[in-house]
Protein chains: 2
Amino acid sequence: MVTASERGREVRRKLLNAALELVPELGWNAVSTRALAERAGVAPGLVHYHFSSLQAVLREAAVGEMRRTLGAAIPEFERAGTPADGIGMMLESLDAYSGDDPASLMFTEAYLVSARDEELRGELAGLLAEFRDGLARWLGEHGQGSPVETASVLAAAVDGVLLHRPLNPALTSSAVAPVLRRILGPDIEGEEHR
Amino acid sequence: MVTASERGREVRRKLLNAALELVPELGWNAVSTRALAERAGVAPGLVHYHFSSLQAVLREAAVGEMRRTLGAAIPEFERAGTPADGIGMMLESLDAYSGDDPASLMFTEAYLVSARDEELRGELAGLLAEFRDGLARWLGEHGQGSPVETASVLAAAVDGVLLHRPLNPALTSSAVAPVLRRILGPDIEGEEHR
DNA sequence: CTACCGTTTGGGCAATCGCCCAAATCGATT
DNA sequence: AATCGATTTGGGCGATTGCCCAAACGGTAG
């Protein structure tokens, strides 16, 4: 015995999962109402019954996925004893992402769309700020100088590596980790330019 | 007196410039034949007279823009005396790119599309390899250890910063430069994980 | 002047788009 | 059994898509 509202929530879930598959496969702007419904195995009209628009489905799917991924990253980080080990662990778990896998592509697609979608931009900025602050706090507690700036650059660098990976197969974690770890070292003297 | 072929080459140029504007404005997949022609100030049919497909216009525009930008970056780099100064200079000139400006968005759009477009992927990989190798050679000549890995991570980190900038306004060059410069320092010891 | 050829025009083609909606369906409640 | 509200169905709406093409245009050569 299944109530109508239970079936409804299941359809919603299937639509969000379909979005998680199709955005990386086709690109955010190439996902259509009908393709989404077909992948979810439901009738096309259901998309606009459960969501206010096609964009709303994609936004909710993207934000949910990123929240899950980033939320799992912080505690994993904290299992490491030192920041240097933390970067190592993070990059190792990052080897699961080739850069052209669904999760990586969803991240980049969302970043890019957020440049033109104010609502998505706000949600992503909040998500990213939360992750960055968590990382910065942990870095600070372990004696890292300029923890906020370091965390910001670290987060950006990791996404940059994912962005470059499909074009540069040499960017494996074992090649990246030693270089990226140096970011935890002391400042390097350099002229300040005007 | 203007020959037909001269007018033709001018139309081609105008279409490529229009693509340079519209891809960042609307997103790669949202640029249509008609919108492109309208922005270029030419008739719609000309798009498929001068190019084999709409995608071909966007590809040629993106590759050209990236070739120009990356090509200008290497000599600028070499004007610096030390790698530390080079990063400073690069990041300063990078302040011209807010992350949601046309040039930055075109870079990211191209990276993303290349995940699904084999031809574009090949061209971008070549472009990126050329830049990375030039940077690595210069780093090596200035005594930088692991120059290839350092250059690869540096290139990725810069693109990551551009990707994050619209979501994290604190990522100014003055905040990023000191952190990113540490990448030129000595290796940091850290456990190797199994 | 005529013939020629690369360029340009603008409308047409079939396909697809996001979104809408009346009607059908289904379990729960009376 | 009758009724109700939430969910589902599938087709329809006007707009837009990439690409095509016959016809017009315009400078050059014979």
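Note on naming: letters A, B, ... go to the chains in the order of the sequence lines (proteins, then strands), and numbering restarts at 1 for each one.
- Between A/E10 atom CD and D/dA6 atom C1' the separation is 17 Å, expressed in whole Å.
- The side chain of A/T33 places an N or O atom within less than 4.0 Å of a non-bridging phosphate oxygen (OP1 or OP2) of C/dG18.
- Counting only heavy atoms from C-beta on, A/H50 has its side chain closest to D/dT8 among D/dC19, D/dT8, C/dG18.
- A salt bridge does not link B/R132 with B/E149: none of the charged nitrogens is closer than 4.0 Å to a carboxylate oxygen.
- Of the candidate nucleotides C/dC17, D/dT9, D/dC19, D/dT9 has the atom nearest to the side chain of A/A43.
- Whole-Å rounding puts the A/H48 NE2 to D/dG11 C1' distance at 15 Å.
- In this structure, B/V31 reaches the sugar-phosphate backbone alone: every heavy-atom distance under 4.0 Å involves primed, P, OP1 or OP2 atoms, never a base.
- In this structure, CD in A/E60 is found 5.0 Å from CG in A/L16, a value given to the nearest 0.5 Å.
- Taking the six-membered ring for Trp and thresholds of 30 and 60 degrees, A/F77 and A/W138 have ring planes more than 60 degrees apart, a perpendicular arrangement.
- A straight line from CZ of B/F51 to C1' of C/dT8 spans 15 Å, rounded to a whole angstrom.
- Phosphate contact (OP1/OP2 of C/dC17, side-chain N/O of A/S32, threshold under 4.0 Å): present.
- You'll find that the side chain of A/Y49 is closest to D/dA6, out of D/dA6, C/dT7, C/dG18.
- Rounded to an integer number of Å, the gap from A/R12 CZ to D/dA6 C1' is 15 Å.
- Atom CD of B/E38 and atom C1' of C/dT8 are 17 Å apart (whole Å).
- Look at B/E38 and B/R34 and you find no salt bridge, because none of the NZ, NE, NH1 or NH2 atoms lies under 4.0 Å from a carboxylate O.
- Look at CG on B/L54: it is 17 Å from P on D/dT16, rounded to the nearest Å.
- The interatomic distance linking B/L46 (CG) with C/dT9 (C1') rounds to 8 Å, in whole Å.
- B/R121 has no carboxylate O lying under 4.0 Å from a charged side-chain N of A/D100, or vice versa, which leaves the two without a salt bridge.
- Rounded to whole angstrom, the span from the CZ atom of B/R34 across to the P atom of C/dG12 amounts to 12 Å.
- Residues A/S53 and B/P44 both approach DNA chain C. Their nearest nucleotides, taken by heavy-atom distance, put B/P44 toward the 5′ side.
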